[in-house]
Amino acid sequence: MNKYQMEVIGMTIEELKNEVIADVNDYVTDTAKAAFLGWVKDKVLPSAREMAEAYIDAIKASGKEETGWCKARDTLVIPTLVSAGLWIAEQAVGKVVE
């Protein structure tokens with residue numbers, strides 16, 4: 001049985017890991033890289049955006065009950081950092097995909 005005929009069902013995670021590591025160059029192609037970046041741009045980042053928005057909404061809501069630094073942290077600092085980090089990731093992936 002060659003490496004492409006091996007059944008994934010019944011393999012341990014360790015066997016799968018070792019198989020991928022041994023044949024890593026089979027997965028490092030321009031086609032695979034483009035497919036991965038397309039998947040990140042089309043699937044991962046939109047999902048991350050939805051999760052970030054839900055998190056930001058929840059943390060802003062909890063910040064309404066806070067005072068002082070904790071209020072600023074929850075209503076301004078954390079939401080800004082999350083939004084900025086996601087924006088940077090979206091811009092970087094967008095440039096690379098182009």
Side-chain angles (χ1 to χ4, degrees):
M1 171 181 330
N2 70 34
K3 63 185 174 189
Y4 298 110
Q5 295 170 328
M6 186 179 295
E7 286 186 15
V8 174
I9 298 173
M11 287 180 75
T12 66
I13 192 70
E14 189 69 24
E15 291 169 332
L16 179 62
K17 177 191 79 170
N18 291 339
E19 189 73 22
V20 169
I21 290 171
D23 301 316
V24 73
N25 288 332
D26 293 345
Y27 305 103
V28 183
T29 65
D30 287 340
T31 303
K33 292 177 211 176
F36 173 76
L37 288 171
W39 174 73
V40 169
K41 182 178 181 240
D42 297 336
K43 302 290 182 189
V44 174
L45 289 176
S47 294
R49 170 67 62 194
E50 286 181 45
M51 291 185 293
E53 287 172 359
Y55 178 73
I56 288 169
D57 291 344
I59 203 153
K60 281 183 176 181
S62 73
K64 290 177 183 177
E65 302 167 6
E66 301 287 349
T67 60
W69 162 246
C70 293
K71 184 175 187 86
R73 175 197 65 196
D74 292 355
T75 58
L76 181 64
V77 176
I78 293 174
T80 301
L81 289 174
V82 171
S83 293
L86 192 54
W87 181 82
I88 289 169
E90 289 169 341
Q91 296 305 306
V93 170
K95 294 288 184 190
V96 172
V97 168
E98 290 176 3

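Worth saying up front: this structure is predicted, and the values here are computed from it rather than measured.
The two atoms that bring K71 and K64 nearest to each other are NZ-O, 3.8 Å, heavy atoms only. R49 approaches E90 most closely through the heavy-atom pair NH2-OE1, 2.8 Å. Contact detail for I56 and S83: the closest heavy-atom pair is CD1-OG, 3.3 Å. The two residues P46 and V40 have their closest heavy-atom pair at CD-O, 4.3 Å. Closest heavy-atom contact between I78 and D74: CD1-OD1, 4.1 Å. In this structure, K33 and V28 approach most closely via the heavy-atom pair CE-CG1, 3.8 Å.
For the pair S62 (side chain) and I59 (backbone), a donor-acceptor distance under 3.5 Å is present.
F36 and V97 fall within the same hydrophobic cluster, defined by Ile, Leu, Val, Met, Phe, Trp and Tyr side-chain heavy atoms under 4.5 Å apart, directly or through other members. If you chain together hydrophobic residues whose side chains sit under 4.5 Å apart, W87 and L37 never meet in one group. V96 is connected to W39 through a chain of hydrophobic side-chain contacts under 4.5 Å among Ile, Leu, Val, Met, Phe, Trp and Tyr, so both are in one cluster.
In this structure, CD1 in I21 is found 9.5 Å from CG in L16, a value given to the nearest 0.5 Å. Between the CD atom of E50 and the OG atom of S47 there is a distance of 6.0 Å, given to the nearest 0.5 Å.
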